[in-house]
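Accompanying notes for the structure given below.
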Amino acid sequence: MLVHDTVGTGRSQTEIDQIRQSLQARYDELTAEYEQAVLQSQVLRLVEVGDTAGDDQADSGTKTAERDTAQSLLRTILDRRAQYEHALGRLGEGTYGWCEGCSAAIPVERLEIFPAATTCVTCKQTRERRAA
């Protein structure tokens, strides 16, 4: 049986602390991934700047594709990190685990698979249909 915490989420303080540790650990992993990706991107740029002699169109295209891929990776990591930061904020507010769309509880199974989830499956599907 769950002990209600002060904000009425139905989670014990131990569960909240475990969730916080899990979210923070993933946030920290993403921060380390981002820092590593930034370093790799900087190395790529230095190599690109220093090695342009004799480049043909294919070489230029390859370098552009590599640069675009590196930038895409950085954006993806930052987006995922922002999701975990948002989840940590929601946990602090007592709204973590509740759908931002309909206010229903997000199933534990969904949160286990995607801890930064902010919507239930139904609201997520509705958003995706609208976006399509």
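Worth saying up front: this structure is predicted, and the values here are computed from it rather than measured.
- Here side chain to side chain donor-acceptor pair (under 3.5 Å) pairs that include residues 34-43, with residues two or more places apart or in two chains, are Ser41-Arg45.
- To the nearest 0.5 angstrom, Leu23 atom CG is 11.5 Å from Gln83 atom CD.
- In terms of the side chain to side chain contact (heavy atoms under 4.5 Å, CB included) criterion, residue partners of Asp28 (sequence neighbours excluded) are, by chain and number, Gln24.
- Salt bridge status for Arg26 with Glu33: present, with a side-chain N to carboxylate O gap under 4.0 Å.
- Between the side chain of Thr69 and the backbone N or O of Ala65, at least one donor-acceptor pair lies under 3.5 Å.
- Using a 4.5 Å heavy-atom cutoff, the side chains of Tyr96 and Ile106 are not in contact.
- Taken to the nearest 0.5 Å, the CG atom of Leu111 stands 7.5 Å off from the CD1 atom of Ile19.
- Here OH of Tyr84 is found 7.0 Å from OG of Ser22. Values are rounded to the nearest 0.5 Å.
- Side chains of Asp17 and Gln21: no donor on one and acceptor on the other come within 3.5 Å.
- Partners of Arg80 by side-chain hydrogen bond (donor to acceptor under 3.5 Å, both in side chains), not counting sequence neighbours: none found.
- For residues 101-110, no pair satisfies salt bridge (charged side-chain N to carboxylate O under 4.0 Å, His left out), with sequence neighbours left out.
- In this structure, Leu78 CG and Leu74 CG are separated by 6.5 Å, a value rounded to the nearest 0.5 Å.
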Item to check | Working for side chain to side chain contact (heavy atoms under 4.5 Å, CB included), residues Glu100 and His86 | outcome: CA-CA 12 Å; Glu100 288 182 342; His86 183 66; 2.7 Å; yes
Donor-acceptor pairs are to be reported for all side-chain atoms of residues 114-132 against protein atoms at under 3.5 Å, with residues two or more places apart or in another chain.
residue : atom : partner : partner atom : Å
Thr126  : OG1  : Thr122  : O            : 2.9

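- Take Arg81 and apply the salt bridge (Lys or Arg N to Asp or Glu O under 4.0 Å) test, not counting sequence neighbours, and it matches no residue.
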